[in-house]
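Below: one structure, written as structure tokens.
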Amino acid sequence: MDARFLGIAELAEAPSVAVVVDVMRAFTVAAWAFAQGADKIVLAESPDEALALKARHPDWVALKDGPPAPGFDTVNSPGLLRSIDLGGRTVVQKTTAGTVGALAVKEASLVLCAGFVVAEATARLLRTRACDSVTFVVTGEDGQADEDLACAQYIARRASEARTDAAEFLLRAGESRAAAELAKGVRQGVHPDDVALCLELDRFPFAMAAALEDSLMVLRPCAVPSLTDK
Ligand SMILES: O=C(O)[C@H](CS(=O)(=O)O)OP(=O)(O)O
Ligand SMILES: [Mg+2]
């Protein structure tokens with residue numbers, strides 16, 4: 001598999017297959033939302049669009065990163081989200097990096113959103129679809145966020161070599177600037193378990209695919225055949 005690793009600003013044209021990586025914390029949060037029963041996640045272009053969608057659909061759950069904000073129901077924290085029942089609900093998510101990265105590749109024919117919690121399912125989906133050229137979007141810090149790059153490199157390796165050990169990739173993510181800032185309370189809207197939850201390898205069995213639906217970018221869980229199903 002030919003893998004390219006690009007920051008959001010480096011995306012010149014729509015790739016055919018994109019894996020958008022945000023370990024801390026957008027796509028760890030998204031995976032937890034599905035685990036808590038969410039039906040779908042609408043990736044909003046801006047806080048204003050998220051609030052407008054919420055105003056049109058009062059039953060939707062709006063979340064954004066940073067501290068709690070007026071009009072939003074919750075924040076971009078897996079530790080906080082895991083105790084909210086989202087059964088059948090639609091979530092609207094707006095974050096600084098992850099949701100922006102997914103919207104930047106909305107014209108791609110396949111867009112997967114990933115973190116370590118769905119790494120193996122994502123890699124297996126790439127394998128089963130025999131994707132030979134994949135663009136990994138490293139969403140944090142202008143493409144330099146090591147937690148995202150490490151996860152992207154791990155998924156790329158797993159997509160071609162099933163026997164890759166995750167330890168060194170998880171170690172890099174644990175030593176990243178984002179992990180340190182979340183642990184020190186520099187970032188806001190944080191639960192003390194957030195870093196550990198973002199580093200849980202393969203916590204969930206599903207991948208997550210985003211696609212345009214009536215001009216909105218919608219993320220949904222995507223079942224992946226397990227090794228024993230093949
Ligand atoms: O919520 C997050 O972790 C970040 C925003 S910040 O760096 O904490 O301000 O957003 P994300 O898009 O999930 O990287
Ligand atoms: Mg991030």
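Note that ligands are numbered from 1 as they come in the structure, with each ligand's atoms numbered from 1 the same way.
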### N76 and its side-chain hydrogen bond (donor to acceptor under 3.5 Å, both in side chains) partner, picked from Q188, K94, Q93, R187
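The option that passes is Q93.
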
### Message
Any salt bridge linking R4 with E10? Criterion: basic side-chain nitrogen under 4.0 Å from a carboxylate oxygen.
### Response
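So R4 does not pair with E10 through a salt bridge.
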
#### Entry: R25 and E147 ion-paired at < 4.0 Å
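No, this pair does not count.
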
### Task
Provide the closest heavy-atom pair for V137 versus G101 in the form atom of the first, atom of the second, distance.
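Smallest interatomic distance, heavy atoms only, reads CG1-CA, 4.5 Å.
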
### Message
Please check whether M24 reaches ligand 1 - meaning an N/O of the residue sits under 3.5 Å from an N/O of the ligand, judged on distance alone.
### Response
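Min N/O separation from ligand 1 is below 3.5 Å for M24.
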
### Query
When only distance counts, is N76 in polar contact with ligand 1, meaning an N/O pair under 3.5 Å?
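Between N76 and ligand 1, an N or O pair is found under 3.5 Å apart.
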
### Task
Over 60° means perpendicular and under 30° means parallel, so classify the ring planes of F136 and F5, tilted if in between.
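Rings of F5 and F136: parallel, as their planes differ by under 30°.
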
#### Entry: Ring geometry between F34 and F206 (parallel below 30°, tilted from 30 to 60°, perpendicular above 60°)
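F206 vs F34 ring planes: perpendicular.
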
What's the shortest distance from [atom] to any protein heavy atom, and which residue and atom give it?
atom: atom 9 (O) of ligand 1; result: T96 OG1, 4.3 Å
atom: atom 7 (O) of ligand 1; result: R187 NH1, 2.8 Å
atom: atom 3 (O) of ligand 1; result: R25 NE, 2.9 Å
atom: atom 11 (P) of ligand 1; result: D22 OD2, 3.1 Å
atom: atom 4 (C) of ligand 1; result: D65 OD2, 3.7 Å

#### Entry: M24 O and D22 OD1 subtending at the Mg ion (ligand 2) (10° steps)
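An angle of 90° at the metal.
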
### Task
Using a strict 4.0 Å cut-off to heavy atoms of A26, name the atoms of ligand 1 that fall inside it.
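Taking each heavy atom of A26 in turn, ligand 1 has 13 (O) under 4.0 Å.
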
### Task
Can you sort out which atoms of ligand 1 are near A97, meaning under 4.0 Å from one of its heavy atoms?
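This gives 11 (P), 12 (O), 14 (O) as the contact atoms.
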
### Message
Measuring only between side-chain heavy atoms, which start at C-beta, is V91 closer than 4.5 Å to T74?
### Response
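Of all side-chain heavy-atom pairs linking T74 with V91, none is under 4.5 Å.
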
